[in-house]
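Step one of this worksheet: look at the structure below.
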Amino acid sequence: MRDKYYFEEVEPKWQEQWEKDRLYRVDETPDRPKFYLLEMFPYPSGRIHMGHVRNYSIGDVMARFRRMNGWNVLHPMGWDAFGLPAENAAIQHGANPAGWTRENIAHMRKQIKRMGYSYDWAREVATNDPAYYKWTQWLFIQLFKKGLAYRKSQKVNWCPSCATVLANEQVVNGACERCDTPVIRRQLEQWFFRITDYAERLLHNLDAMQGWPEHVKTMQRNWIGRSEGMDLDFVVADTGEKLTVFTTRHDTVYGVTYLVIAAEHPLVERLIAGRPNEDELRRFVSQVISQDDIARTAEDTEKVGMFTGGYAINPASGEKVPIWIGNYVLMDYGTGAVMGVPAHDQRDLEFARKYGLPVKAVISPPGAELNGHTMECAYVDDGVQINSGQFDGMPSGEARPAMARYLESSGKGRPTVHYKLRDWLISRQRFWGAPIPIVYCKHCGQVPVPDADLPVMLPTGVKFMPTGQSPLLGCPEFVNTTCPVCGGPARRETDTMDTFVCSSWYFLRYTSPESHDHAWDKAKADYWMPVDQYIGGVEHAIMHLMYARFFTMVMRDLGLVSVDEPFKNLLTQGMVLLGGHKMSKSKGNTVDPDDIVGKYGADTARLFTLFASPVERDLEWSDEGVEGCWRFLQRVWRLVYQCVESSGCSQPAEAPAAPAANATAASGDDVLRVRRAAHAALKKVTEDVGARNSLNTAIAAIMEYVNALYSLKDAVVGHERGDAAMAEAIDFLIVMLAPFAPHITEELWHAVGHGESVHSQPWPKYDPEALAVESVEIAVQVNGKVRDRIMVPVDVTEDAALAAAMASPRVSAVIGSASVKKTILVPGKLLNIVVQTA
RNA sequence: GCCGGAGUGGCGGAAUGGCAGACGCAGGGGACUUAAAAUCCUUUGCUCGAUGAGGGCGUGCGGGUUCGAAUCCCGCCUCCGGCACCA
């Protein structure tokens with residue numbers, strides 16, 4: 001055995017051996033419970049970063065731990081390979097997106113393999129592979145056939161100079177990041193998925209998802225934003241057109257003094273056409289439309305509005321109220337129109353005061369009277385209806401159902417539920433994505449591409465210009481086609497799909513990546529699904545996870561899978577920071593995993609990212625911390641080395657060179673201590689990894705264990721019982737550390753004389769008897785302040801503990817002549833004596 | 001702005017109603033060495049006290065509940081993530 005851990009030799013050696021032995025290949029085996037462990041697959045940006053290392057190291061510990069505990073573990077890896085950066089590289093450096101992506105994947109695969117993760121690489125997928133996106137397109141068509149994919153007009157960020165749509169990220173201070181031209185908001189026909197049809201199910205299922213963090217479920221609930229209320233039909237005076245508003249407070253309908261509609265509302269045009277101030281109104285409308293939605297709805301943004309000149313009739317009171325256009329009303333939510341009830345809504349009150357609109361109180365607080373002219377605060381609570389026609393005098397709690405019945409029976413309103421969740425816009429006016437498999441025919445309309453013609457391949461040899469439209473548009477051999485129905489000339493859709501579509505089903509593809517005639521093999525998907533543990537950044541808590549859930553539900557409704565929810569347990573890991581900021585190339589605060597692995601090896605890099613912080617929290621990078629992990633692994637190596645060399649482990653015993661003179665006498669107790677340390681560490685690590693996802697404390701426990709073995713080894717090694725205990729202790733140590741540091745442990749496992757891979761070993765069970773102790777130290781508090789610590793039997797009674805405590809001079813000195821009112825004993829921890837000073 | 005999260009020694013963190021600071025880093029002292037590195041041992045929250053014995057304070061800030069609060073409740077502050085075309 002060598003005296004040090006030479007990772008440069010050991011790590012590649014075992015990586016090759018594991019691959020040769022196909023150690024991490026899996027199949028569907030019915031005799032063992034299955035465990036599907038998945039980390040969010042990476043975008044192939046070119047190099048892995050520490051965030052990846054952290055994500056995959058967490059996943060690998062959990063995968064290896066499960067495997068050792070008898071589970072059949074599926075642990076795959078792949079590439080979320082479509083997206084904007086490849087296209088930017090093409091535009092800026094003339095790169096070919098496919099080639100650029102291929103090279104990035106090749107490099108990153110090499111980097112990931114160097115980390116020694118236990119992936120089944122035979123299942124690797126890449127979303128830009130035609131064999132993959134064929135099925136992305138096929139799934140699109142299934143949604144289209146179900147009526148879940150449709151086209152409608154939507155506002156986009158448009159750069160007039162580049163003549164292209166910009167991602168929000170490409171808009172910097174309202175201007176195009178490339179050419180600095182001010183960005184305008186423009187309507188464009190786009191494809192959508194009807195995720196709102198699934199809003200109720202997406203919301204409802206969350207209640208049963210015990211394996212998800214509560215804060216993620218809360219974010220998803222808020223994002224879905226279910227709101228119960230009523231749609232109320234106002235009628236535009238003069239034209240008689242219906243103007244429907246959504247309200248959660250229909251009990252205040254008699255208090256409406258104005259309506260506000262969104263600048264995008266379809267009635268805007270007819271309302272403002274021909275008004276004397278039409279130009280001014282149009283300027284206002286386009287100015288509001290150009291504001292982004294966050295700014296429009298922000299509470300500290302000034303609410304601005306303009307009177308259209310039109311009026312509407314209140315369905316309850318018959319009163320005529322002015323119709324305004326306001327920046328704070330969004331077309332995307334509710335009906336795009338709201339009723340203004342300034343007496344009972346603070347935002348409405350501020351708007352009314354600003355523009356001199358009347359304030360009419362219709363709910364009276366108990367024992368008080370509201371004055372519409374002077375009130376400064378809207379009254380939003382329940383009360384008694386006033387100025388509300390036939391409902392006057394009713395408590396508002398009773399008035400609500402009565403008014404709902406009245407409005408509904410007279411056909412002027414109906415109860416409805418609205419959601420903040422909007423349909424999913426999947427169109428991208430870009431090249432590097434899965435083409436939307438639709439053909440436009442003059443006669444037949446929107447025609448899905450037949451299955452036999454899939455995939456609709458991305459063309460090759462496309463020119464990317466620094467300006468101009470989607471490259472697919474300028475590609476006649478792609479655009480021009482024939483209609484699959486009538487055979488006439490037709491045009492292909494040139495939009496590609498949002499990459500979130502590709503990543504909404506990759507976990508299904510992993511279950512049978514070789515499947516040629518189906519997106520996945522249903523029997524295999526049924527065996528593996530759901531994903532038992534999903535791990536990724538919390539930044540994906542809403543969008544990716546919501547889309548993947550939606551997709552899984554649709555697939556289930558199509559009979560393609562049997563689960564409704566794809567991810568049983570979710571772990572959201574924190575970011576890797578340097579100097580308090582997220583590592584990023586643009587900030588120049590990155591640490592390259594290659595540098596760390598080159599200097600210390602993969603095991604050290606893995607160990608540090610797991611040890612430095614709890615998995616769910618952010619991790620502050622520290623070169624010194626890495627150094628510490630490196631030292632720890634060397635310390636483990638030396639411990640095993642010394643035991644092996646001094647014949648304390650499994651090798652045949654020889655006479656110890658210099659046995660400690662007094663070792664024999666103490667060795668009995670120390671043997672027990674070794675066993676206790678081994679089993680205590682095993683218990684802690686088993687619970688921390690298996691039940692708490694607390695990897696940092698598991699590693700700390702192993703470190704403590706190593707410290708304990710160092711202080712005990714000289715006393716026990718060289719004695720028959722001691723050597724046996726030490727051999728067991730060393731085996732435990734290697735096995736416990738194996739999921740965290742797979743290379744060094746594999747080498748040590750063989751060095752102490754074992755044959756098979758340590759990663760195929762069963763996880764040992766701890767022996768509760770080895771942990772048993774007779775007495776324990778407890779803290780003695782007087783009125784909650786610790787005054788002393790005493791040894792008591794583990795099963796001490798409260799009276800006996802009190803007596804023992806009173807025998808302590810420190811305790812009795814503090815108590816003095818005060819009388820003991822009561823005592824609280826927390827077994828094994830403390831005794832609190834509550835005293836009353838005379 | 002809205003939604004979610006976090007705040008504990010010089011630093012990363014531990015303790016989820018019961019001894020605050022496990023474990024690691026950094027620092028101090030020592031051993032080994034011609035020397036250094038490596039390693040091993042030891043010490044280390046702040047403060048008063050004499051460097052002792054002993055005491056006080058201490059988990060972002062202000063209140064509260066409790067025998068007992070880093071942990072639970074109310075109100076703030078600061079930082080981080082998401083906000084629908086980055087992935």
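Lettering of chains follows the sequences in order, A, B, ..., and the numbering in each one begins at 1. Everything numeric here is computed off the predicted structure, so don't read it as measured data.
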Rounded to the nearest angstrom, tell me the gap between atom [atom1] in [X] and atom [atom2] in [N].
X      : N      : atom1 : atom2 : value
A:L830 : B:rG68 : CG    : P     : 13 Å
A:K829 : B:rA22 : NZ    : P     : 17 Å
A:F611 : B:rG13 : CZ    : P     : 11 Å

Could you check whether [X] gets within reach of a base, just the sugar-phosphate, or nothing at all, counting any heavy atom under 4.0 Å?
X      : value
A:F632 : nothing
A:L421 : base
A:W621 : nothing
A:L84  : sugar-phosphate
A:M546 : nothing
A:H540 : base
A:E627 : nothing

Between [M] and [N], how far apart are the [atom1] atoms? Round to whole Å, please.
N      : M      : atom1 : value
B:rG45 : B:rG24 : P     : 15 Å
B:rA14 : B:rC23 : C1'   : 8 Å
B:rU59 : B:rU71 : P     : 9 Å
B:rG13 : B:rG7  : P     : 9 Å
B:rU34 : B:rU43 : C1'   : 29 Å
B:rA50 : B:rA31 : C1'   : 30 Å
B:rG21 : B:rG9  : C1'   : 7 Å
B:rG68 : B:rG17 : C1'   : 8 Å

Note to self: Can you classify the ring geometry of A:H544 versus A:F500 as parallel (below 30°), tilted (30 to 60°) or perpendicular (above 60°)?
What the structure shows: parallel

Item checked: Aromatic ring pairing A:F551/A:W424, orientation class (parallel under 30°, perpendicular over 60°, tilted between) -> perpendicular

Item checked: Short side-chain N/O contact from A:N832 to OP1 or OP2 of B:rG18, under 4.0 Å -> no

Item checked: B:rC25 phosphate, OP1 or OP2, under 4.0 Å from A:R631 side-chain N/O -> yes

Next item on the list: If B:rU78 has a Watson-Crick or G-U wobble mate with both distances under 3.5 Å, name it; if not, just say none.
Entry: B:rA6

Check: For B:rA38, what is the paired nucleotide under Watson-Crick or G-U wobble rules, both distances under 3.5 Å?
Finding: none

Next item on the list: Run the ring-centre check on A:F7 versus A:Y600 and record whether the distance is less than 6.0 Å.
Entry: no

Note to self: Suppose we call a contact any N or O donor and acceptor under 3.5 Å apart; does that hold for the side chain of A:Q429 and the base of B:rC85?
What the structure shows: yes

